[in-house]
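One structure is given below, encoded as C-alpha cells.
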Amino acid sequence: MATASRRIGGPGERVDAGLKVTGQARYAADVALPDLAHAAYLGSAIASGRVLAIDTTRAEQVGGVLLILTHHNRGPLGDLPNGDGTALAPDPRPPLADARVHYHGQFVAMVVAESPEQAAHAAALIGVTYEPAPCLVDIDDAEAIRLEDNPRRGDCAAALRAAPVALDVLYSTPVQHPCPLEPHATVAHWVGHDLVVHDSTQWVLGDRALLARAFGLADDRVRICAPFVGGSFGSKVCTAAHTLLAAVAARRLGRPVKSVLRREQVLATIGPRAATRQRIQLGAERDGRLVALRHHTRSHCAVNSGFPDRDPFHEPTSGVTRMLYACPNYEAVHDVVPLHLMKPGWMRAPGEATGLWALEGAMDELACRLGVDPLELRLRNHTAHNAHTGKPYAGEHLRECYERGAERFGWARRDPRPRSMREGDAFVGWGLATATHPGNSDDASVRVRLDRDSRGAYASVATAGVDLGTGLYTALAVVVADALELPLERVHVELGDSRLPPAPVTGGSNLTASLAPAARAACLQLRRRLLGFRRDPDELAAWGELLARAGLGPIEAVGAAEPRGVPGQYAYQSFGAQFVEVRVVPELGQVRVTRVVGVFDVGQVVNATATRNQLIGGILFGLGQALLERLVHDPARGVPVGADLAGYVIPAHADVPDIDVSWLDTPDPAFNALGCRGAGEIGITGVAAAIASAVHHATGIRVRDLPITPERLLAELAGERED
Amino acid sequence: MRPFAYVDERDVAGAAAAVHAAPGAMFLAGGTTLVDLMRQGVLAPDLLVDVHRLPLGDIELDDRRARIGACVRNAQLAEHPELRARWPVVGEALLSGMSPQLRNMSTVAGNILQRTRCSYYRDGHSPCNKRVPGSGCAAIGGHDRDHAILGAGPRCIAVFPSDLATALAILDAIVYTRRGDGGARRLPFDGFHLAPGDTPERETILDHGELVTHLELPTLAIARCSHYFKVGDRSSYSFALASAAVALDLERGIVRDARIALGGVATRPWRCPDAEQALRGKPAELSSFRAAADVALAGAVAGRHNGFKIDLARHVLVRALTELAARPR
Amino acid sequence: MVLLSVNGARHELDLDPRTSLLDALRERLGLTGTKKGCDHGQCGACTVHVDGRRVLSCLALAVAQQGHEVTTIEGLAAGERLHPMQRAFVECDALQCGFCTPGQIMSAVAMLVEVDDRRRLTDAGIRERMSGNLCRCGAYPNILAAIRRVRP
C-alpha cells in the first residue's frame with residue numbers, strides 16, 4: 001500500500017460545514033438541558049474602589065429568581081492556578097471574592113432565574129453603594145513597572161550614536177478586542193459530585209484544571225465539552241468569571257445553569273489586546289543595512305492581575321523585533337502600566353501584530369528617508385537565521401514570499417513618490433510589510449480507532465483539541481484519510497471534550513501542527529499492526545478485510561506529537577509578505593483597501609481550502625486593526641465607551657477588497673513529520689503596517705497611531721495647511 | 001427589561017387613546033430602537049401599544065405630494081421607484097445607513113423618532129440628562145468623538161442620528177399626528193425636533209400619546225435634483241460622522257435655489273438656511289460650495305475629540321454639492 | 001397564549017411579553033440554529049425571515065409575531081436536501097467558526113429575492129446588501145463567492 005499524499009495540501013470541503021450551514025452545530029449556548037436556569041450579571045458602575053453595600057431586596061422579589069450571589073454569599077472556592085501552565089484565570093482572585101473593584105463592569109452580583117428575562121430584570125434591580133477611588137485608564141498618564149531581563153545584544157546605544165542614518169519614531173496601538181461573534185457562554189451542571197461544563201473555550205483541559213482546583217475535585221471529576229466554538233482569537237483561553245460562577249450556581253441550585261455574556265460584558269470583562277506605545281530607534285548604514293535597533297515599549301496590564309510576580313503576561317512586542325532583521329546591536333525595554341481595566345490577554349498574533357506595526361512602519365520610514373525601495377530594504381536586512389538566538393531556520397523562504405508577492409502585485413511598477421497615483425479624486429498608494437509568526441507546537445495526542453461495518457473499514461479520530469473555526473476537524477480527517485487510505489467520509493472526528501486524549505490550548509497557531517502529526521503517528525501504528533495480516537507483502541487488501549482476517553474487533557492507537565529533530569538545533573518560523581493597495585480621499589478621511597496580495601510560507605499546508613480562508617481572515621483582522629478597531633474607556637470613569645458592535649467597529653462585507661492569498665509549498669520536515677506549521681495568526685501580521693505605508697505612499701501622510709481614522713488624516717491635513 | 005403589558009391595536013384613535021391614558025405607555029412599531037433600549041434599561045415602559053398593524057402602511061402619490069404612512073417600512077420607502085425619481089435624497093439617505101434587515105423592520109415614523117447613539121445615554125448608567133434629567137452629562141468633557149458640533153447645549157451634546165430626518169429637513173416635509181384626546185395636528189418638519197436646551201429628555205414636540213400617522217412630502221421641483229452624501233467609520237452600515245442632504249436648482253451654471261442640511265454633527269436635523277442663501281445667485285462651482293460650507297459650519301463648536309468633524313462636515317457638504325452639480329440633468 | 005408560526009408549524013406558547021423572537025426560537029422551541037451574537041441588532045447573526053423578509057429576531061418581540069410566518073435556518077432545507085445557498089456555502093467554504101453562518105445564509109437568500117434583477121447585481125452591490133451580517137473570522141470573500149454561485 002503506497003502512502004501517496006493525495007489529499008494533504010489539496011482543496012476539499014470542510015467536513016463540519018454541513019452541520020454549520022443547517023444550524024445543527026451545537027455551540028455552548030445551544031445546549032438544552034431539563035430544568036435549565038439562566039444567569040445574568042450586574043457589573044460594577046465604578047472602575048476603582050469598593051462595594052460598600054448591596055441591596056438585593058427588590059431583585060429577590062422578582063418572580064422566578066432562584067439565587068442571587070454576591071461577595072457576601074458566594075461561598076468558598078479554592079485558589080485558582082495561574083502562570084503554572086495548567087490553566088489560566090483572568091484575575092488571581094475568584095469572582096465575587098471581596099468588595100474590591102478594579103475595573104468597570106467587574107461582576108458584583110449574579111442572578112439566576114427561571115428565565116433569561118427574569119434574571120436580567122432582577123440583576124438591574126440590585127442596588128449597590130460604592131466607595132469610588134480614583135481610576136487610571138490612560139496608559140500615557142500612569143506610572144510604569146519596568147521589566148527586568150530585557151533582551152539585548154551588542155552595544156545598542158553606542159551603535160545608534162555612531163550610525164550614519166538614524167530614525168527615532170513613536171508608534172501606538174489602542175486597546176483592541178478579539179470580539180468573536182459568539183459571546184462567551186457556559187452551561188454548567190452537576191451529575192452527582194461530578195461537574196459537566198459546556199463552554200465556549202479554546203482550551204478544555206485548562207478549563208478542567210481550573211474548575212477542578214476551584215472546587216477541590218480530581219481532574220477526572222470535571223468534564224468540559226466544546227465541540228463547536230464560535231471564534232475566539234485568543235479571548236477564550238482563560239476560564240472566565242461567568243464560567244466559574246455558573247458552576248457555583250449550578251451546584252448551589254442542583255440545576256443546570258446557562259450563563260451567556262452580553263456583548264457589552266464581552267467587551268468589558270474579557271481581556272483585550274493591551275494598548276501599546278512603541279518607540280523604535282533605528283541606526284543604519286547609508287545603504288540601509290541596520291546597525292542598531294532599540295525598541296522601547298509601554299503597554300498596560302491590570303491593577304489586579306498580580307503583575308509581574310503572579311502573572312507576568314504582557315503584550316510581547318519585542319519577540320518579533322529582536323529576531324526579524326540582521327542587526328548586530330539590539331535592545332528592548334518594556335514598561336508595563338497597571339490600569340483599572342480588565343486584564344489584557346491574547347489577541348491573534350499577540351506581540352507580532354503590535355510589534356510589526358511599529359517595526360515595519362519604521363522600516364518604511366527608513367526606506368523613504370534613504371530613497372531605497374521598501375522591498376529592497378527588507379532584502380538588504382534579510383537573515384537566514386534568527387537574528388537574536390543565532391539559530392538557523394530549518395525552513396526559511398522569506399525571499400521567495402517577497403518575490404512572488406511582488407510579482408503578483410506588480411510592485412515593480414511602483415513610483416516611490418507620494419501622491420504619484422490618482423484615480424478620480426482618490427489618491428492611490430501601495431505598501432508592503434513582512435509577515436512572520438513562530439512555528440509552535442506542543443505535546444498532544446490523538447486516538448484513532450479503526451473498525452468495520454457493512455461498507456468496510458472506517459476510522460474514528462478523537463482528541464481534546466478544539467476547532468475554533470480553524471478547520472481542525474477537516475485537517476485531522478484529511479490526515480487520517482490519507483494515512484489509512486480511506487475515503488474522507490469514512491473518517492469521523494470528535495473534538496473538544498476533556499475526556500478525549502489530551503491536547504494543548506488552541507493558540508499560538510500550534511494545534512494543527514501538534515495534532516496532525518500525532519494523528520498520523522496513530523495511523524502508522526495501526527498500519528503496522530494490520531499489515532502483518534497480509535498474505536504476502538504485495539497484497540492489496542482493504543483494512544476491513546484485514547481486520548476480519550485478524551479476528552480483531554476495532555483496534556485503536558494513540559499517537560503523540562513527535563519531538564522535533566535535534567532539540568534546540570533549529571529555529572522554526574513562518575514568514576510572509578503582505579502587499580496592499582489603498583485609495584484615500586484625505587479630506588473625507590476615507591481609506592479604502594482595494595487590493596491585498598499575501599504570500600506565505602507556513603510549511604506543508606494540510607487543507608488548502610481552510611488554510612486560504614484562515615489566511616484571508618487574518619488579513620481582515622489586520623484591516624480592522626489598521627482602520628477601525630479601538631476600545632475607548634472614558635478617562636474620568638473608566639467605563640468602556642460604545643461597548644457594542646456599533647461602537648467597537650469591525651470590518652463588514654463592504655470593507656473587504658479582493659484578497660489574493662497564496663503560499664509556497666515548502667514542508668518544514670525538521671519541525672514535524674508532516675512539515676506543517678500553523679496558519680492561524682500569520683495572516684494578521686504586517687497588515688496594519690502595509691496599510692499605513694500605502695496611505696503614506698498615497699498621500700504623504702504618515703500615521704503612527706492606530707487606527708487610521710478620519711480624524712487622524714484630517715488632523716494631518718490641517719497641520720499641512722498651517723505649515 | 002422591566003415587565004410590561006402588551007396590547008396589539010388595530011385602530012389609530014384607539015392606539016393613541018391607549019397610550020394617552022397610561023403615563024408609562026409607549027408605542028411599539030418596528031421595535032429596532034425601543035426593544036434595544038428597553039433591554040438596556042434606558043427606556044422602561046409598563047405598557048406597549050403595538051401599532052405595526054395599523055392601516056398606516058401605504059405610500060400614496062399624486063401630483064401635489066407623497067403621503068407616507070407612519071408604518072411604512074424604511075425598505076419600502078427606499079425602494080419606491082417614483083419616490084426615488086421625485087425625491088432622490090430620501091432613498092439615498094435610507095440606503096446609506098441601516099442594514100437591510102433593519103430597513104425591513106423599522107418604520108418611517110420610528111426612523112425620525114429614533115434615539116441618539118450617544119454611548120453614555122445608551123449604557124444605562126452614566127450620568128445623562130437625556131435619560132435621567134438633572135443627572136449631568138458624561139459626554140461633555142468625556143469621550144465626545146461622535147458628538148455634536150452644532151446645536152449643542154450645556155446639558156447635552158448628543159447627536160441626532162437619523163439619515164432620513166436629515167433628508168426630510170430640506171423637503172418641507174409635514175408630520176401628521178393623532179392625539180390621544182382625539183385631536184390631530186399638522187406639524188412642519190422644521191421645528192418638529194427640539195434643541196436640547198434645558199430639557200434634553202424632550203426630543204420632539206409630540207405630546208404623550210400623540211401618534212405620528214403620516215409624513216407628507218409636497219412636490220418640489222428642486223427635490224428632483226437632490227442628493228445625500230455621508231461618511232462613517234465603515235464603508236457601509238455605519239452611523240454618520242458627517243452627512244449632507246442637498247438640493248440644487250441650477251440655471252446655466254448659476255444656483256437659483258439651494259437646500260442644505262447636515263447630519264451626524266448636530267443635536268437635531270440641521271437645516272442651513274444661511275448657507276443656502278450664500279449659494280443663491282452664485283456659480284455652481286467649487287469656490288461657491290466651499291464658501292457655503294464655511295457659512296454652514298460657522299457656528300460649530302468643538303469639544304475634546306470631535307473637532308475633526310468641523311472640517312469633515314465642511315468637506316462632506318462640498319462633496320455633496322459637487323457631486324450633485326455634476327449630475328447630468 | 002401566543003400563536004407562533006415557525007417553519008410551517010404552529011406553536012402555542014405561554015410567553016413573557018419581554019421574550020424576543022430570538023429567545024423564543026432558541027429557548028422555547030429548541031431552534032438554536034439562529035444565533036445571538038450581540039442582542040442589539042448590530043451583527044446579523046439572528047437573521048430570520050418574517051413573511052419572507054429578512055429581519056433581526058433579537059429586536060423583534062415574539063408576542064408581536066402572531067399572524068406572521070417565521071422561517072429559520074432549520075426550515076430552509078427541503079428535508080435532507082440542502083437549499084442551494086446552503087450548498088454553495090459548503091462548496092465555497094463560506095464559513096469558519098460557523099456562528100454567523102445561519103444568519104449569513106438567511107440574509108443572502110432573502111437578499112436575492114429583494115433584488116429585481118439578480119443578473120445586474122454586482123460584487124459591490126452584494127457586499128453592500130450583505131453588510132448587516134458581520135463575520136469576525138473574515139470569510140467574506142467566500143461568502144461573496146457562494147452568493148455569486150447561487151445568483152443565476
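So you know, we letter chains A, B, ... as the sequences are listed, proteins then strands, and number each from 1.
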Trace of the side chain to side chain contact (heavy atoms under 4.5 Å, CB included) decision for B:F229 with A:L588: CA-CA 11 Å; B:F229 183 79; A:L588 298 176; 3.6 Å; yes
Side chain to side chain contact (heavy atoms under 4.5 Å, CB included) evaluation trace for A:Q118 with B:M1: CA-CA 8 Å; A:Q118 292 163 341; B:M1 195 185 291; over 6 Å; no
Evaluation steps, side chain to side chain contact (heavy atoms under 4.5 Å, CB included), between A:H633 and B:H143: CA-CA 8 Å; A:H633 294 86; B:H143 188 74; over 6 Å; no
Evaluation steps, side chain to side chain contact (heavy atoms under 4.5 Å, CB included), between A:E117 and B:R2: CA-CA 9 Å; A:E117 293 83 10; B:R2 181 172 145 188; over 6 Å; no
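Contact tally against chain A (heavy-atom pairs below 4.5 Å) for B:N306, B:V231, B:D146, B:D123: the top residue is B:V231. The greatest number of non-hydrogen atom pairs below 4.5 Å with chain B, out of A:D634, A:L627, A:V639, is found for A:D634. Comparing A:P710, A:A120, A:A643 by heavy-atom pairs within less than 4.5 Å of chain B, the highest count is held by A:P710. Here A:R592 is the residue among A:Q590, A:E264, A:R592 with the most heavy-atom pairs under 4.5 Å with chain B.
Between the side chain of B:R234 and the backbone N or O of A:I650, at least one donor-acceptor pair lies under 3.5 Å. Of the possible polar contacts, none joining the B:S119 side chain to the A:V641 backbone as a donor-acceptor pair under 3.5 Å is found.
Residue contact with chain A, scored on non-hydrogen atoms closer than 4.5 Å, is absent for B:Y121. Heavy-atom distances place the side chain of B:R145, and not its backbone, under 4.5 Å from chain A. Within the 4.5 angstrom heavy-atom criterion, no atom of A:R712 approaches chain B. Looking at B:A138, the atoms closer than 4.5 Å to chain A (heavy atoms on both sides) sit in the backbone and in the side chain alike. Of the atoms belonging to B:D233, heavy atoms from both backbone and side chain fall under 4.5 Å from chain A. For A:I708, no part lies under 4.5 angstrom from a heavy atom of chain B. With a 4.5 angstrom heavy-atom cutoff, A:A124 does not touch chain B via any of its atoms.
Note that the CG atom of B:L312 and the CD atom of A:E711 stand 9.5 Å from one another [nearest 0.5 Å]. Taken to the nearest 0.5 Å, the CG atom of A:L714 stands 12.5 Å off from the NZ atom of B:K309. Within the model, atoms OG of B:S126 and CZ of A:R637 stand 3.5 Å from one another, a figure rounded to the nearest 0.5 Å. To the nearest 0.5 Å, atom CG of residue A:D425 and atom CD of residue B:E323 are 8.0 Å apart.
Under the 4.5 Å side-chain criterion, counting only non-hydrogen atoms from C-beta, B:P3 is in contact with A:H121. Put simply, the side chain of A:E587 does not reach to within 4.5 Å of the side chain of B:D311, judged on heavy atoms.
Within 6.0 Å of atom CZ in B:R290, 12 or fewer heavy atoms from other residues, nucleotides or ligands are found, so the atom counts as exposed in its surroundings. The environment of CZ in A:R58 is sparse: at most 12 heavy-atom neighbours from other residues, nucleotides or ligands sit within 6.0 Å.
In terms of heavy atoms, A:V585 sits closest to B:R319 at CG1-NH2, 3.6 Å.
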